[in-house]
Amino acid sequence: MDHHFIVVVALVGLAGIGAQWIAWRTGWPAIALMLVAGLLLGPVTGLVDPHHDFGDVLEPMISIAVAIILFEGGLTLKFSELKKTGGAVPRLVLVGAPVAWVLGAFALHHVAGLVWPVAILFAGILIVTGPTVIMPLLRQTNLKQRPRNILKWEGIVNDPLGALFAVVTYEWLVQVERGSTVVDNVITLILSSIVAGAMGYGAARAVRFLFPRGLVPEFLKAPVLLVFVIGTYVLSNVIQEETGLLAVTVMGIALANMHIASQRTYLPFKENITILLVSGVFVILSASLDLEALRQFELRWAAFLLVLLFLVRPISILVALAFTKVPWKERVFVAWIAPRGIVAVAISGLFALRLDEIGYGDGQLLVTLSFAVVAATIVAHGFTIGPMARALKLNGPESNGVLIVGGQSFSLSLAKSLQLLKVPVTIADKSWQALAGARAAGIPTFHGEILSEATEEELDFGQFQVMVATTNNEAYNALVCSEFAPEIGSDSVYQLGDASGDDPHALPEGLRGRALFEEGHGVEDVADYEAKGWQLRAIELTLSNTFDVAMGNLPESADLLYILRENGRLRFFTHASAPTGNPGDTIVVYVPPGTPEIRSEVLPDDVKEETS
């Protein structure tokens, strides 16, 4: 057994996922941290040498990983989102990408000093802004829906397009060497692209046929889909090199819009695989950079980076979005944000070898220059996307809100208590009548079935830090929590319903949300308390009115509901979790009628009266 290989795999995994975790904790761009991690493992310490450690499997391994990443990205693209982009995406693809290709080629030739054939090929590669860099940035940025959708669609669709541009140029160079005509080359590539798109769509239709009919068992659906993706990618590449990326992207987009009932079975698996692949592949590619190549960096390359950032990208986007419905602020924002990542580096490395084989020495510079572009764009865009969104007032709803599912009396009391504490809250219910009280109180509402697929398109779940299911049906509450736990977080979904554990016939904890209240009151219990006039009251903790002092002033029958931290974080008391409060926090308790005044209250006494 090669222990060194195992150590390398472990180091890459630890560095990649560690960078993702640090990014989550700090808010720094994950892709920038992964770049640093790869440089530390590779050129700086020499612990990882991808070309030596992985050998001949390095290139196909990265190629397949990029294909899976693009497929998963395609699964996030819904045609309904295109309606919300103001017609931007087709123009970015049909106008913006060719303009960027032409301007990039001029910049690479006249500024960076590359010969024309290599400049044209590399300019095609540089139009990509794939999901490996865009999605982590969007995940960490509170952005409005339209610019978010524009950047996401552009990144995923342009990835295979950039590869095709590079293929067009390379095949043209090869045909020139062989004496063939450009027309023959272009016709061949167009036909190959059509075949690749048809293969991707055909694979999606095959999945659409097999999965709903029970022809594939549930436990095999995710593995079968993974094999379909790899098979489609490989077969398409056999027909025409580098068209596999187009095939798997079409497959992902087609599946995303076929509304397959079993999608929820394999989507979380695909997302987890993609996070692992993005982390691992980017660290490996960063570790493969040669310090000697870095020393070859020239000042004219720095000048090219400035031209790319401040001229090529802005001009191409502003030309593409001219005369569209996209507001100027959003055009400026999209024109600036264009980080490059794994696909640009991987394709550059692939064609660098092939250009050397046909006699173009500048091909050796592509890997170094591509990493320079990746590093420059990641730093420039990764660290400015948040401040620029705030400066242009393109921030979406804050992610500190609470979504309450159910329009019952207790739901309204809870919503009012949160609203008075300045916590954004929304009540959702499929009954218009049940939302009457919330509308009268000025509380935002969502009318519709929360479990419907249409809800995901109409309601931005990124604005909620917590979900609370408070309907009078415990099983439905559990279903809601189970459905949204992967998206909001299993530790941030709560429900009404008895979770004492005494009933052997009760729903297991793994299939439900965390039960509200330390006593884990059931739905019937809370309905009874509401009928008797129980109230929600808030206590602000201070240096003198500590948690223990405040609890000592409460009647024995009172129950703790939630605590609002000084930093805005919200945690509920449950049957299994009892957070403690500190000075500056606010605790909300559920008390019976007639409870004496509690000092340091911050909610008025008549909160309950409006809901009775």
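- Looking at Arg340, its side chain never comes within 3.5 Å of a backbone N or O of Ile125 through a donor-acceptor pair.
- In this structure a side-chain-to-backbone donor-acceptor pair under 3.5 Å is missing from Asn158 to Thr129.
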What do the steps show when you test Phe71 against Leu225 for side chain to side chain contact (heavy atoms under 4.5 Å, CB included), and what is the final call?
-> CA-CA 11 Å; Phe71 168 74; Leu225 184 62; 4.0 Å; yes
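- With hydrogens and angles ignored, the 3.5 Å screen pairs no side-chain donor or acceptor of His381 with any backbone N or O of Ile337.
- Here Trp336 and Phe310 bring their ring centres to under 6.0 angstrom of each other.
- Rounding to the nearest 0.5 angstrom, the gap separating the CZ atom in Phe304 from the CG atom in Leu114 is 8.0 Å.
- Checked by atom type and distance alone, the side chain of Ser370 never pairs as donor or acceptor with a backbone atom of Ala344 at under 3.5 Å.
- Here the OG1-OH distance, from Thr232 to Tyr201, works out to 14.5 Å after rounding to the nearest 0.5 Å.
- Counting non-hydrogen atoms of other residues, nucleotides and ligands closer than 6.0 Å to CZ of Arg205 gives a total of 12 or fewer.
- Side-chain atoms of Arg91 come within 3.5 Å of backbone N or O of Ala322 as a donor-acceptor pair.
- Atoms CG and CD1, on Leu226 and Ile68 in that order, are 5.0 Å from each other to the nearest 0.5 Å.
- Remark: the backbone N or O of Ile317 is not paired with any side-chain donor or acceptor of Arg331 at under 3.5 angstrom.
- Looking at heavy atoms from C-beta onward, Glu330 lies out of side-chain contact with Leu392 at the 4.5 angstrom threshold.
- Side-chain N or O atoms of Ser236 include one that pairs as donor or acceptor with a backbone N or O of Thr243 at under 3.5 Å.
- Proximity of Leu151 to Val334: side-chain heavy atoms (C-beta onward) are separated by under 4.5 Å at one or more points.
- Looking at every heavy atom in both residues, Leu92 comes nearest to Ala320 through CD2-CB, 4.0 Å.
- Of the possible polar contacts, one joining the Thr377 side chain to the Val374 backbone as a donor-acceptor pair under 3.5 Å is found.
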Candidate pair Leu121 and Leu366, rule side chain to side chain contact (heavy atoms under 4.5 Å, CB included), full reasoning = CA-CA 10 Å; Leu121 185 146; Leu366 291 191; 4.1 Å; yes
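- Between Leu246 and Ser193, the closest heavy-atom pair is CD2-O, 3.5 Å.
- Interatomic distance, NE2 of His4 versus CG of Leu11, reported as 9.0 Å (0.5 Å rounding).
- A 4.5 Å side-chain heavy-atom check between Phe211 and Val224 finds at least one atom pair inside the cut-off.
- Nearest approach of Glu154 to Arg313, heavy atoms of both residues: OE2-NH1, 2.7 Å.
- The distance from the CD atom of Gln20 to the CD1 atom of Ile275 is 6.5 Å, given to the nearest 0.5 Å.
- Among residues at least two apart or in separate chains, ring pair (Phe, Tyr, Trp, His ring centres under 6.0 Å) pairs with a member in residues 96-115 are Trp101-Phe165, Phe106-His110, Phe106-Trp116, His109-Trp116, His110-Trp116.
- Here the straight-line distance linking atom CG of Leu143 with atom CG of Asn149 works out to 9.5 Å at 0.5 Å rounding.
- Annotation: side chain of Phe484 is in contact with side chain of Ile450 (closest heavy-atom distance under 4.5 Å).
- Residues Ile378 and Phe282 are in side-chain contact: their nearest non-hydrogen atoms beyond the backbone lie under 4.5 Å apart.
- For the pair Leu311 and Leu103, the minimum side-chain heavy-atom distance is 4.5 Å or more.
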Side chain to side chain contact (heavy atoms under 4.5 Å, CB included) between Thr249 and Val157, worked out = CA-CA 7 Å; Thr249 302; Val157 174; 5.5 Å; no
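- Between Met251 and Val207, some side-chain heavy-atom pair lies under the 4.5 Å cut-off.
- Between Ser63 and Tyr233 the shortest heavy-atom distance is CB-OH, 3.2 Å.
- Of all non-hydrogen atoms in Ala15 and Leu41, the two that sit nearest each other are CB-CD1, 3.7 Å.
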Step by step, would you call Leu108 with Leu369 a side chain to side chain contact (heavy atoms under 4.5 Å, CB included)?
-> CA-CA 10 Å; Leu108 282 165; Leu369 196 51; 3.9 Å; yes
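- Checked against ring pair (Phe, Tyr, Trp, His ring centres under 6.0 Å), Phe228 has no partners two or more places apart in sequence or in another chain.
- Contact of the Trp328 side chain with the Leu318 side chain is registered, since non-hydrogen atoms from C-beta on lie closer than 4.5 Å.
- In terms of heavy atoms, Val248 sits closest to Val229 at CG1-O, 3.6 Å.
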